[in-house]
Amino acid sequence: LDGSIQHRGNLIRVTARLTSVADESSLWSQTFDEEFTDVFAVQDAISEKVAAALAMRLSAEEKKGLTRRYTENVEAYHLYLKGLYHLGKVTPPAIRKGIEFFQQAVEMDPVYALAYAGIAEAYRRLPITSDVPPKEAFPRAKAAALKALEIDDTLAGAHMSLGWVRFWYEWDWQ
């Protein structure tokens, strides 16, 4: 699933495309126009429209998952996105900057599990991408991952970061 976003005034246009991984052929494409009043409302509306357009048969629990909000705090959400942006650069200074944004997000919303998972992922990357000693970074990654899972035990990213710590730092290969 790929897409693009255009924004003008209080309108937002999202174009979503479903492409076959096997041969890169286009399976489906549609454009959705929404009035931009609230970032979460737009996300909910677009995800519901994409699911409806793809004619998915979703259970009530799956439908609920489409519109799940991990925070109601818009500023915390923006800080989380900034953290992800910097984390994606995969350079030590950018990873550290990402940690700062994730920490600011959890300061604004102490139960923002995704931000804790971001902190965990950032700390688990530092020993691999820089000269940060594993004994300094991996315990922090583990603590953040456990905090994220304490809030929401379904977060794949937090489980993944915890798995990295257990495998590479604790040598718990099981």
Side-chain angles (χ1 to χ4, degrees), residues 1-16 32 34-48 50 64-170:
L1 184 61
D2 186 23
S4 62
I5 300 173
Q6 296 174 314
H7 185 265
R8 185 176 61 171
N10 65 340
L11 295 177
I12 189 165
R13 171 172 283 172
V14 176
T15 302
F32 307 96
E34 289 289 324
E35 188 171 331
F36 189 78
T37 55
D38 171 347
V39 66
F40 298 125
V42 170
Q43 284 181 335
D44 293 349
I46 296 298
S47 64
E48 288 172 5
V50 169
K64 183 179 172 186
L66 285 177
T67 58
R68 176 158 186 218
R69 296 182 184 175
Y70 290 93
T71 184
E72 295 295 326
N73 186 316
V74 175
E75 184 59 31
Y77 176 69
H78 284 274
L79 290 165
Y80 169 74
L81 291 178
K82 288 178 183 179
L84 286 179
Y85 169 77
H86 287 283
L87 186 62
K89 291 183 175 184
V90 197
T91 65
I95 292 170
R96 287 184 183 93
K97 189 70 172 170
I99 291 170
E100 290 176 24
F101 283 117
F102 292 134
Q103 287 177 329
Q104 289 174 34
V106 298
E107 286 170 13
M108 296 190 98
D109 183 350
V111 293
Y112 194 3
L114 283 179
Y116 284 107
I119 293 169
E121 178 61 13
Y123 275 115
R124 83 102 189 141
R125 286 184 184 190
L126 278 177
I128 298 165
T129 62
S130 66
D131 60 355
V132 174
K135 67 182 178 183
E136 180 182 315
F138 282 128
R140 291 179 178 181
K142 182 177 182 176
L146 290 173
K147 179 65 176 177
L149 294 171
E150 175 186 313
I151 297 166
D152 182 350
D153 68 351
T154 67
L155 291 180
H159 283 286
M160 188 220 37
S161 293
L162 189 57
W164 270 88
V165 170
R166 288 184 175 157
F167 185 86
W168 290 104
Y169 179 67
E170 296 174 350

*In sequence, state the C-alpha distance, the side-chain angles, and the governing distance for Val132 and Arg96, and then conclude on side chain to side chain contact (heavy atoms under 4.5 Å, CB included).*
CA-CA 11 Å; Val132 174; Arg96 287 184 183 93; 3.2 Å; yes

*Please round to the nearest 0.5 Å and tell me the distance separating atom CG of Leu84 and atom CG of Leu114.*
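Taking CG in Leu84 and CG in Leu114, the distance rounds to 8.0 Å.
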
*Look up atom OG1 in Thr129 and atom CD1 in Ile95, then write down how far apart they are to the nearest 0.5 Å.*
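Here the interatomic distance stands at 3.5 Å.
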
Set of residues satisfying side-chain contact (heavy atoms from CB on, under 4.5 Å) with respect to [X], sequence neighbours excluded:
{"X": "Pro134", "answer": "Pro127, Phe138, Tyr169"}
{"X": "Pro93", "answer": "Thr91"}
{"X": "Glu75", "answer": "Asn73, Leu79, Met108"}
{"X": "Pro110", "answer": "none"}

Report the residues that fulfil salt bridge (Lys or Arg N to Asp or Glu O under 4.0 Å) with [X], sequence neighbours left out, ordered by chain and then residue number.
{"X": "Glu35", "result": "none"}
{"X": "Glu170", "result": "Lys142"}
{"X": "Glu100", "result": "Lys97"}
{"X": "Asp2", "result": "Arg17"}

*Quick one: side chain to side chain donor-acceptor pair (under 3.5 Å) partners of Thr154, sequence neighbours excluded?*
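Side chain to side chain donor-acceptor pair (under 3.5 Å) list for Thr154, sorted by chain: Asp152.
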
*side chain to side chain donor-acceptor pair (under 3.5 Å) partners of Glu34, counting only residues at least two apart*: Lys49

*side chain to side chain donor-acceptor pair (under 3.5 Å) partners of residues 155-167, not counting sequence neighbours, each pair once*: Glu121-Ser161

_With a sphere of 6.0 Å drawn around OH of Tyr85, does it hold more than 12 non-hydrogen atoms of other residues, nucleotides or ligands?_
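Result for OH/Tyr85: open.
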
*asked:* Enumerate the ring-ring contact (aromatic ring centres under 6.0 Å, His included) contacts for residues 98-134, please, sequence neighbours excluded, ordered by first and then second residue.
replied: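 Residue pairs passing ring-ring contact (aromatic ring centres under 6.0 Å, His included), neighbours aside: Tyr80-Phe102, Tyr80-Tyr112, His86-Phe101.
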
